[in-house]
Chemist: 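Would you mind keeping the following structure in view while I ask a few things?
Atoms within a ligand are numbered from 1 in the order they appear, just like the ligands themselves.
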Amino acid sequence: MIGARRKVRMMKYSDKNKPIICMMTQSTCYKGTKKMAVKGVLWHSTGANNPTIKRYVQPDDNAADRDAMIKLIGKNAYGNDWNHSSVQAGLNAWIGKLADGSVAAVQTMPWDFRPWGCGSGSKGSCNNGWIQFEICEDGLNDAEYFAKVYKEACELTAYLCQMFGIDPNGSVNMNGVKVPTILCHADSHKLGLGSNHGDVLHWLPKFGKSMDTVRADVAALMGAVPSDDVPVADKVDNPEKTIWDYLMRKIGNAYGVAGLMGNLYAESGLRANNLQNSYEKKLNITDAEYTRLVDENAYPDFVRDKAGYGLAQWTFWSRKEALLKFARDKGKSIGDLQMQLDFLWKELNIGYQAAMIVLQNAENVREASDAVLLWYERPADQSDAVQKKRAGYGQGYYEKYAGDGKLPASGGMSNADCPFLVRVTAKDLRIRKGNGTNTAWTGKYVPPGVYTIVEVKAGKGSKAGWGRLKSGAGWIALSYTKKV
Ligand SMILES: [Zn+2]
């Protein structure tokens with residue numbers, strides 16, 4: 001029975017459906033550059049308010065399909081596009097608005113042509129190996145346009161990763177620097193491998209995105225796991241691991257981290273843009289809308305509205321005021337996870353040192369959890385029942401992440417137990433063609449979520465054995481899953 005009620009999330013681009021191609025062979029870069037071994041994909045955005053592709057991309061003067069291309073992309077009436085020898089830069093692709101206003105990607109050089117994109121830094125240049133494209137910026141305030149170009153850029157990146165066998169969560173060593181396979185111009189500068197530009201990090205965080213969400217979204221697209229295998233709640237980006245890793249680096253004690261995370265979960269469900277539910281109703285507004293209005297300076301009541309907001313559900317006016325100032329100073333969205341973690345850390349160190357000391361030295365989760373509840377969060381209800389509940393959440397995180405971060409094998413996962421459900425939390429669990437690490441990788445990962453296993457076999461690389469996915473996508477190592 002094949003595909004009876006299966007909905008496969010397909011990638012937009014494939015061999016059969018390539019992006020629009022408009023090679024700009026009249027440009028200096030196209031004529032003068034050389035081929036490269038592709039290592040990854042690097043994102044740019046233009047830094048100028050003009051979302052139309054025609055501003056930058058035009059077909060060759062003598063291109064056979066020139067008229068059709070002009071119709072599709074639009075005509076640059078000023079002749080200041082980049083298909084000229086006067087422009088000393090060149091990209092492999094562009095993303096922006098076509099003539100009809102729809103958003104698309106247009107390829108302008110072969111993928112293995114070395115772009116003149118990110119410049120260089122003290123340690124070299126990502127131009128040696130990274131396919132690069134520009135996203136045409138608008139005024140950076142339009143959530144709808146942003147969502148479209150972000151999605152298109154993820155689709156293009158997934159297509160390229162698939163084509164060149166790139167692991168979207170991987171990294172490569174270049175000149176002694178560990179470089180993520182997917183990064184942006186600003187990242188390349190930080191690594192000493194690009195010129196000093198801020199793109200795309202002046203834009204993505206405004207809408208709650210980052211290069212981490214890009215990597216996760218690209219990996220999810222490449223996974224293309226049948227959607228009926230994944231419950232809705234698990235499709236939402238899960239920031240758990242990011243928070244755990246951040247707090248472990250800072251606190252260094254797994255009991256402390258787990259106790260703090262259990263409380264944050266109780267407050268916000270670990271969602272950084274979470275507006276207190278009762279205010280969503282009262283103000284008739286969603287988490288995302290509230291966040292956008294605050295970011296756009298269109299909601300002056302943020303500090304004094306008494307609505308809990310963010311990871312720790314900051315509520316009291318002076319704390320919200322400090323949070324807002326912190327976000328503005330950093331140029332980040334008020335709903336930005338990383339910014340909130342930095343703020344949380346700062347608060348704990350400055351105003352809550354007693355709780356901090358307990359977090360660093362606690363010898364069990366309950367001790368740490370109680371310190372956070374009673375000294376830091378201080379909700380109205382601090383009863384024993386609430387204490388136990390929050391410590392219970394924390395204990396869950398401890399069991400999940402303490403140690404080497406991998407889940408212990410659990411029982412009840414034999415062939416006789418089939419079918420059964422397992423939870424996957426790792427972002428990079430590979431789907432293989434057979435039951436063992438000695439069988440081929442399908443090129444896909446299972447995104448975090450809950451899956452049905454229909455057959456179990458012993459095999460190399462997983463003490464708990466290998467499970468065959470009900471979807472037919474292949475086999476996964478059960479040692480890295482937990483039975484639910
Ligand atoms: Zn750039």
Chemist: Is it true that some N/O/S atom of Asp199, main chain or side chain, lies under 2.8 Å from the Zn ion (ligand 1)?
Modeler: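 A backbone or side-chain N, O or S atom of Asp199 is under 2.8 Å from the Zn ion (ligand 1).
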Chemist: Are Tyr290 and Tyr309 close enough that their ring centres sit under 6.0 Å apart?
Modeler: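 Between Tyr309 and Tyr290, which both carry aromatic rings, the centre distance is below 6.0 Å.
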Chemist: With respect to the Zn ion (ligand 1), please indicate if His185 possesses an N, O or S atom at a distance under 2.8 Å.
Modeler: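 True for His185.
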Chemist: Using 2.8 Å as the threshold, say whether any N, O or S atom from His44 sits that close to the Zn ion (ligand 1).
Modeler: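 So His44 counts as coordinating the Zn ion (ligand 1), yes.
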Chemist: Over 60° means perpendicular and under 30° means parallel, so tell me whether Phe133 and Trp43 are parallel, tilted or perpendicular.
Modeler: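 It falls in the tilted class, 30° to 60°.
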Chemist: Cation over ring, Lys34 on Phe113, under 6.0 Å and within 45°?
Modeler: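 Output no; distance or angle outside limits.
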Chemist: With no hydrogens and no angle check, just 3.5 Å: does a side-chain donor-acceptor pair link His84 and Asp81?
Modeler: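 Yes, a side-chain donor-acceptor pair sits under 3.5 Å.
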